[in-house]
Amino acid sequence: MTKMFHCTRTPWHGRASQNLLRLSTTRFTLAHNSKFISPSVRVPFCSSLLRIRSRLSVPPHSAIQRVSRRSFTYHRVTMSPATISSAQVTESATKKRKLVDSEDVTEVPSRSAISPAPVLQVKLLSDKAKVPTRGSALAAGYDIYGVEDFLIKAQDRGVIATDLAVAIPAGYYGRIAPRSGLATKHGLQTGAGVVDADYRGPLKILLFNQSNEDFQVHAGDRIAQMVIEKIITPEVVAVAELDETERGENGFGSTGGFGGKPTNVVEDVAMKETDEKTVFVEQATEPVATSPASENEPEKTEAPAEETAPEQSEPSRK
Ligand SMILES: O=c1ccn([C@H]2C[C@H](O)[C@@H](COP(=O)(O)OP(=O)(O)OP(=O)(O)O)O2)c(=O)[nH]1
């Protein structure tokens, strides 16, 4: 059942927004499907809009749509699996004033009370398609099943059909990731891998066979996994200057490369004195001593004498 609250009082501030929230919790939860939004249902725009958004954790493009500087569409819906119908509720002027001016409203609902968990809708496009599954209760990824036999030659790649179409919730995307077992045992990696929330075509899995042996994919195999990740899509703004940071333009190994010292680690002096590995790393980060001066100081190197003084060792080999 869909119900919408209509108010004409403006502007709304803090407590008014709480009233709005409280009102919403009695009957409404938030809609994730913009097709249910009616342009005729508007409430005045107020400075609390952002707060309402943050308290409700409203996903982008869902329940609140700004219409103009002063108004926005606010839409809530309670969805039952079977039916969704809609109706508009216009509160009386007295009730509206009560709601706006009430002093005793402090309760703000928790997110779980008002916002349904996002749903990953899947459509099976053939009899061979399988609904993605998760391997354990807290598994992050949904295992994706291929629907065809496919030989991926060594060091080659293949695009495997899944005969699945998906509707990822707005504000999220699907990341296709390798299954670690296939990656470690058979060198199978995934490529491409960004499934947009508005994509409704058949989901395909790009697999790279990085091993030196051909890999046979069988219909019904779990070939990859899809992780649903939250994203933001901020407005892009071209600026003349970017803000300054400590790193600045340094990148590509500027902090020391693979063996470099992490800058956030405080050295343990006692360990430095006793641990050979630590001493080695210390030396590696210093400039290598190549000047003639260092060659004149053999006590500072552990290398055999003939390697540090080749001009002396050469005659003895002859
Ligand atoms: O591993 C993947 C990656 C993408 N897709 C689908 C979903 C995604 O939404 C669509 C487009 O992907 P993407 O945007 O990465 O491709 P593009 O080359 O930029 O194509 P487009 O111009 O259509 O966006 O293809 C898959 O099925 N599997």
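These numbers come from a predicted model, not from an experiment. Start at 1 and go down the list; that is how both ligands and their atoms are numbered.
By the definition of a contact as any protein heavy atom under 4.0 Å away, atom 24 (O) of ligand 1 is not in contact. In this structure, atom 16 (O) of ligand 1 is not in close contact with the protein, since no protein heavy atom lies within 4.0 Å of it. Remark: atom 9 (O) of ligand 1 lies closer than 4.0 Å to at least one protein heavy atom.
Residues L206 and F150 are members of separate hydrophobic clusters, defined by side-chain heavy-atom contacts under 4.5 angstrom among Ile, Leu, Val, Met, Phe, Trp and Tyr. Residues L125 and I160 do not share a hydrophobic cluster, clusters being chains of Ile/Leu/Val/Met/Phe/Trp/Tyr side chains in contact below 4.5 Å.
Residue L203 has at least one heavy-atom neighbour below 4.0 Å for each of these atoms of ligand 1: 27 (O).
Of all protein heavy atoms, the one closest to atom 1 (O) of ligand 1 is G193 N, 2.9 Å. Residue, atom and distance of the protein heavy atom nearest to atom 7 (C) of ligand 1 are Y199 CD2, 3.2 Å. Nearest protein heavy-atom contact of atom 11 (C) of ligand 1 is D196 OD2, 3.9 Å. Of the protein's non-hydrogen atoms, the one nearest atom 12 (O) of ligand 1 is V194 O, 3.9 Å. In this structure, the protein non-hydrogen atom closest to atom 27 (O) of ligand 1 is K204 N, 3.0 Å.
The shortest non-hydrogen separation linking F215 to N209 is N-ND2, 3.4 Å. In plain terms, the two heavy atoms of Y142 and P132 that are nearest each other are CB-CB, 3.8 Å.
When side chains are defined from C-beta on, L151 does not count as touching V217, because their heavy atoms never get closer than 4.5 Å. Using a 4.5 Å cut-off on side-chain heavy atoms (C-beta onward), Y172 and L120 make no contact.
Other residues, nucleotides and ligands contribute more than 12 heavy atoms inside 6.0 Å of the CD atom of Q216.
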